[in-house]
2 protein chains.
Amino acid sequence: MSPKVKSEPGNVSPRERILGVAVEMARQIGLEGLSIGVLAKEVGMSKAGLFAHFGSKEELQLATLEAAQSVFMQRVIIPAEKTERGLPRLHQVITDWIAMAESACDKGGCFFYSVSAEFDGRPGAIRDRLVLASKQWLDWIQRQIALAKERGHLIAETDPEQLTFEIHAYEQQANWAALLVGQKDAYARAREAVRSRFYALATEQGKAILDAR
Amino acid sequence: MSPKVKSEPGNVSPRERILGVAVEMARQIGLEGLSIGVLAKEVGMSKAGLFAHFGSKEELQLATLEAAQSVFMQRVIIPAEKTERGLPRLHQVITDWIAMAESACDKGGCFFYSVSAEFDGRPGAIRDRLVLASKQWLDWIQRQIALAKERGHLIAETDPEQLTFEIHAYEQQANWAALLVGQKDAYARAREAVRSRFYALATEQGKAILDAR
DNA sequence: CCTACCGATCGGTAGG
DNA sequence: CCTACCGATCGGTAGG
């Protein structure tokens, strides 16, 4: 790939175009329901032409999962890593995470929410990679909570694993409530729950950080 | 239905036997992945023989959903309605709910968790019935919270909708963490989160109720 | 990247 | 409740 072409926006490779459509389809019907024929029609090429890019359905699914992970990195993790460690970074990453899920609400919702329950009972490479990504994300949050504690933003009684559990719970519930029962304020409820949990465990310094945002 | 046959365990109609197997299969592969041919083999009858009981795949899916709802009623709602209204009943229903999900953990997890994300993007009769059941369940919890407030078990500042959101969140997260990332103490974490939320909003009377359980 | 095809399986039907 | 079958679609391949 020639560098001058590579980085120009709007000038994406066929593979990237396919994966972009695949991610959008998977939000709505899952990664297993994703059919090569239907995907090919959507992209505007032949089934065999599309298939040649991946070699198997499982490789297509893995590539789609990777594409979604990459978007998540760009939109949630990378921006937060420019913010100060501890509670500021934690607060920002959770806020961006909720915002990303909310913005995907009309398109079928958060990709990872859509495929989690689909693969928890299907052993294989896709499940394995999904589990790994999920664990890494939980660890990221938990490490940042521990750091916020060390820096005196959260009180010493804070249990990082329990707080991670609760924070992640609100995100899950926001997706469920918004996508299934159509609760309009689901993401606002999640933001309120997160803030209230942070506030209850914040030191004076931590409260000042939260108040400033 | 004659009473002497009806209530004998082990004496179930073919339809009930089929639906029992269907619920177990749907926990693992979902209601859409449920195939009539595979289900028939599992039950030990011919595809057409099984099909005749339902007339269409959608009717089979709806009947499976109803069967799961009926189990939920028997194991969670009905028992709780024998307990005193307000916080005691609320506490018991949530405890039984978590216990039921935990007991299903090795079998593919909570039926409703497994099919929620599958149908939030698939319009139709199944989604409609799932949405209705979910709303009724949320309303049940919210009403009981409101009642616990009226009876002086929870403080006046309690927001029933927000508390319902958070309680339901812990259940969702317990399922996700246990089934996908294999977190062993996920259901214990959910119980702790629920208890801690109740305790923070309990009056002196409410705290006494919680301490007694 | 394409057309044309493979066997397997899908939901569903005919006829008994 | 069965066997036998329908057209459509599935993932995947051959050959160019």
Side-chain angles (χ1 to χ4, degrees), chain A residues 1-2 5-6 11-26 28-67 115 118-119 121-127 129, chain B residues 1 5 11-26 28-67 115 118-119 121-127 129:
Chain A
M1 323 164 187
S2 84
V5 173
K6 176 73 179 311
N11 198 336
V12 291
S13 70
R15 195 172 194 274
E16 284 168 331
R17 237 183 62 242
I18 295 166
L19 291 176
V21 177
V23 168
E24 295 312 309
M25 284 182 61
Q28 300 182 22
I29 49 163
L31 271 175
E32 203 61 28
L34 216 171
S35 131
I36 296 169
V38 174
L39 177 58
K41 197 166 288 171
E42 207 78 27
V43 172
M45 67 195 293
S46 73
K47 217 176 72 171
L50 186 147
F51 190 86
H53 284 282
F54 304 97
S56 75
K57 180 173 179 179
E58 192 175 48
E59 284 302 323
L60 165 65
Q61 291 172 311
L62 286 169
T64 305
L65 183 53
E66 268 169 38
V115 303
E118 188 178 14
F119 281 94
R122 298 182 190 262
I126 300 152
R127 189 202 136 101
R129 209 168 290 191
Chain B
M1 324 161 189
V5 174
N11 199 338
V12 290
S13 72
R15 196 172 194 273
E16 285 169 328
R17 238 183 61 241
I18 295 167
L19 291 176
V21 177
V23 168
E24 295 312 308
M25 285 182 62
Q28 301 181 21
I29 50 163
L31 270 175
E32 203 61 27
L34 216 172
S35 130
I36 295 168
V38 174
L39 177 58
K41 197 166 290 172
E42 207 78 27
V43 172
M45 66 195 293
S46 73
K47 218 178 72 172
L50 187 147
F51 189 86
H53 284 283
F54 305 98
S56 76
K57 179 172 181 180
E58 193 176 47
E59 284 301 323
L60 165 65
Q61 291 172 311
L62 286 169
T64 304
L65 183 53
E66 268 169 38
V115 303
E118 189 179 14
F119 282 94
R122 298 181 190 263
I126 300 151
R127 189 201 136 101
R129 209 167 292 195

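Every chain is numbered from 1 and lettered A, B, ... according to where its sequence line falls, protein lines coming before strand lines. This is a predicted model, so every value here is computed, not measured.
Across the protein-nucleic acid pair, B:Phe51 atom CZ and C:dG11 atom P stand 9 Å apart, rounded to whole Å. Across the protein-nucleic acid pair, B:Glu32 atom CD and C:dC10 atom P stand 13 Å apart, rounded to whole Å. Per the geometry, CD1 belonging to A:Ile36 stands 5 Å off P belonging to D:dG11, to the nearest Å.
Interatomic distance, CG of A:Leu34 versus CE of A:Met25, reported as 5.0 Å (0.5 Å rounding). With values rounded to the nearest 0.5 angstrom, A:Leu65 atom CG is found 8.0 Å from A:Ile126 atom CD1.
Contacts between residues 53-63 of chain A and DNA chain C, defined by a heavy-atom separation under 4.0 Å, are made by A:His53. Sorted by residue number, the members of residues 39-49 of chain A with any non-hydrogen atom under 4.0 Å from DNA chain C read A:Met45, A:Ser46, A:Ala48, A:Gly49.
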Dot-bracket for DNA chain D, 5' to 3', with Watson-Crick and G-U pairs under 3.5 Å, [ ] for crossing pairs and | for other-strand pairs: what is it?
||||||||||||||||

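Closest of all the heavy-atom pairs between A:Ala26 and A:Leu31 is CB-CD2, 4.1 Å.
A heavy-atom distance below 4.5 Å is found between the side chains of B:Lys57 and B:Ile36. Considering only heavy atoms from C-beta on, B:Leu60 comes within 4.5 Å of B:Leu39 through its side chain. At least one side-chain heavy atom of B:Leu19 sits less than 4.5 Å from a side-chain heavy atom of B:Arg15.
Judged by distance alone, the side chain of B:Arg122 and the main-chain N or O of A:Ile29 form a donor-acceptor pair under 3.5 Å. In terms of modelled atom types and a separation under 3.5 Å, the side chain of A:Glu118 and the main chain of A:Glu32 share a donor-acceptor contact. Judged purely by atom type and a 3.5 angstrom limit, B:Glu59 has no side-chain atom pairing as donor or acceptor with the backbone of B:Ser56.
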Evaluate the side-chain contact (heavy atoms from CB on, under 4.5 Å) criterion for residues A:Thr64 and A:Phe54: first the C-alpha distance (whole Å), next the side-chain angles of each, then the deciding distance (0.1 Å), finally the verdict.
CA-CA 11 Å; A:Thr64 305; A:Phe54 304 97; over 6 Å; no

